[in-house]
Amino acid sequence: MTPPVRVLTVDDQELVRTALRAMLRRTDVEVVGEAADGAGAVEAAYELRPDVVLMDVRMPGMTGVEATARILKGWPHQGPRPRVLVLTTFDLDEYVHAALRAGASGFLLKNTTPELLVEAIGVVAAGEAMLAPTVTRRLIRAFSDLPPPLMSGVRPRPSPADGSPGGPGDPGDPLAALTRRERDVAVLVARGLPNARIAGTLGLTEAGVKSTVNRILTRLGLENRVQIAILVLAAEPDAEEGDG
C-alpha cells in the first residue's frame, strides 16, 4: 500500500487550518503538523520533514514566500526537501512570481475544490507542479517577466513518428510535435483538470493520462504541468475556455 502524503499546513487563521485538517482527514493525505506563521512553518518543516507544505502567503512577521525560500534553501537534512504548495486568497501577480522564484511547486486559491486540492498535493508530492488556471493565464500575459527557470529550454522537438502531429502544420506551432491525443490531454492540463477528470473526459485510464503527460513533457522538452499549460495557452488562448 502506498504511504499517505505527509502534509504540513501553514496559515495564520486557525479556522482555515481546522477546515483543512478536517477535509484532508477524509482523504489519503496525512496532516502531520500545523503552523500559524512563517517562522513556525520553517521550524515545523525542519522538525517534521513533511512531503508537502501547504503555505499561506500573507502572515504576520515572516511571509509565506520568505518561509518557502528558507525551507528549501536551508534544508538541514539528507534526502529530498518538501514540496511547497501555496494556498492563498490572494492571486496577485507579485505573490505568484515571488512564490515561484522562492521554489514553490504550485499556487492554488483557497476557493479551489477539495478534489483539485487533493490532486494538487499528489502532483507536487510526485515532483510535478500545478497552478490555478487563472494564475496560469496571467503568466501568459506576463510571459517576458517569468522566472528564467520556469520556461528555460522550452524548444519543441520534431513531430513524432508514432502518430499524426496534433498541430495545424504550422512550423511555428509550439505543439506541432504532439499527436492528436497528446494535444487533447495538454489542452485539459491547461484548463487545470486533474488526471481523474482528464481520464473521464477522454475515455482513458488515470495511468494512461499520467503516461501521456510524461510523453508530452519529453516531446516538448518541458519540466512540469505548469510549463505544459503555459505553452498550450500561448499557442491556443481559447484552450482556457470550458471546464472539460
Side-chain angles (χ1 to χ4, degrees), residues 1-92 94-132 135 147 149-150 194 223-226:
M1 181 179 294
T2 304
V5 177
R6 303 174 68 255
V7 169
L8 168 68
T9 63
V10 183
D11 198 287
D12 62 335
Q13 297 185 41
E14 183 177 358
L15 182 61
V16 172
R17 300 196 306 272
T18 299
L20 286 171
R21 184 171 64 248
M23 184 192 76
L24 295 175
R25 185 182 293 128
R26 299 191 294 270
T27 72
D28 57 359
V29 173
E30 178 187 0
V31 177
V32 297
E34 301 176 4
D37 54 39
V42 175
E43 182 179 350
Y46 287 174
E47 177 183 353
L48 299 173
R49 302 174 69 170
D51 300 310
V52 175
V53 179
L54 286 182
M55 182 75 75
D56 191 16
V57 172
R58 293 181 62 174
M59 296 179 290
M62 186 187 300
T63 68
V65 170
E66 184 179 354
T68 295
R70 291 198 182 190
I71 290 171
L72 299 179
K73 295 178 181 178
W75 191 241
H77 306 293
Q78 295 293 325
R81 301 171 298 172
R83 305 285 178 172
V84 177
L85 176 60
V86 174
L87 187 64
T88 180
T89 306
F90 305 94
D91 65 342
L92 300 178
E94 56 265 34
Y95 292 148
V96 176
H97 293 177
L100 293 175
R101 287 189 176 96
S105 297
F107 195 105
L108 291 181
L109 303 181
K110 287 180 180 177
N111 63 359
T112 192
T113 64
E115 176 191 30
L116 183 56
L117 175 58
V118 172
E119 173 74 12
I121 290 172
V123 166
V124 300
E128 298 293 341
M130 181 173 284
L131 294 182
V135 170
L150 190 61
E223 298 295 333
N224 54 53
R225 295 170 77 102
V226 175

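When a residue number appears, it is its place in the shown sequence, counting from 1. The basis for the numbers below is simple: all heavy atoms, side chains too, and nothing from hydrogens, waters or symmetry mates.
- Annotation: salt bridge (Lys or Arg N to Asp or Glu O under 4.0 Å) contacts involving residues 38-47, sequence neighbours excluded, are absent.
- Annotation: side chain of Val7 is not in contact with side chain of Pro50 (no heavy-atom distance under 4.5 Å).
- Between Pro82 and Val53 the shortest heavy-atom distance is CB-CG2, 4.1 Å.
- When all heavy atoms are compared, the tightest approach of Val86 to Val57 is CG1-CG2, 3.4 Å.
- With sequence neighbours left out, Asp37 forms a side-chain contact (heavy atoms from CB on, under 4.5 Å) with Ala39.
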Show me, pair by pair, the donor-acceptor contacts under 3.5 angstrom made by side chains of residues 25-32, not counting sequence neighbours?
{"residue": "Arg26", "atom": "NH1", "partner": "Ala22", "partner atom": "O", "Å": "3.4"}
{"residue": "Thr27", "atom": "OG1", "partner": "Leu24", "partner atom": "O", "Å": "2.8"}
{"residue": "Thr27", "atom": "OG1", "partner": "Val29", "partner atom": "N", "Å": "3.1"}

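- Nearest approach of Leu85 to Ala120, heavy atoms of both residues: CD2-CB, 3.9 Å.
- Within the 4.5 Å cutoff, no side-chain heavy atoms of Arg81 are placed close to those of Ile71.
- Looking at Val84 and Leu72, their side chains come closer than 4.5 Å, going by heavy atoms from C-beta outward.
- For residues 36-65, the ring pair (Phe, Tyr, Trp, His ring centres under 6.0 Å) pairs, not counting sequence neighbours, are Tyr46-Trp75.
- Contact of the Leu8 side chain with the Val52 side chain is not registered, since no non-hydrogen atoms from C-beta on lie closer than 4.5 Å.
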Mind listing the side-chain donor-acceptor pairs of residues 105-119 below 3.5 Å, one per line with the distance, residues two or more places apart or on another chain?
{"residue": "Lys110", "atom": "NZ", "partner": "Asp11", "partner atom": "OD2", "Å": "2.6"}
{"residue": "Thr113", "atom": "OG1", "partner": "Leu116", "partner atom": "N", "Å": "3.1"}
{"residue": "Glu119", "atom": "OE2", "partner": "Asn195", "partner atom": "N", "Å": "3.2"}

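- Closest heavy-atom contact between Gly38 and Met59: N-CE, 3.7 Å.
- Considering only residues two or more places apart in sequence or on other chains, Glu66 meets the salt bridge (charged side-chain N to carboxylate O under 4.0 Å, His left out) condition with Arg70.
- Atom CZ of Arg6 sits about 13.5 Å away from atom CD1 of Ile121, to the nearest 0.5 Å.
- Taken to the nearest 0.5 Å, the CE atom of Met55 stands 11.5 Å off from the CG atom of Leu87.
- Heavy-atom minimum distance, Gly33 versus Leu48: CA-CD1, 3.8 Å.
- Among residues at least two apart or in separate chains, there is no ring pair (Phe, Tyr, Trp, His ring centres under 6.0 Å) pair with a member in residues 5-34.
- In plain terms, the two heavy atoms of Ala35 and Ala41 that are nearest each other are CB-N, 3.5 Å.
- Taking the salt bridge (charged side-chain N to carboxylate O under 4.0 Å, His left out) definition, one finds that Arg17 meets it with Glu34, sequence neighbours left out.
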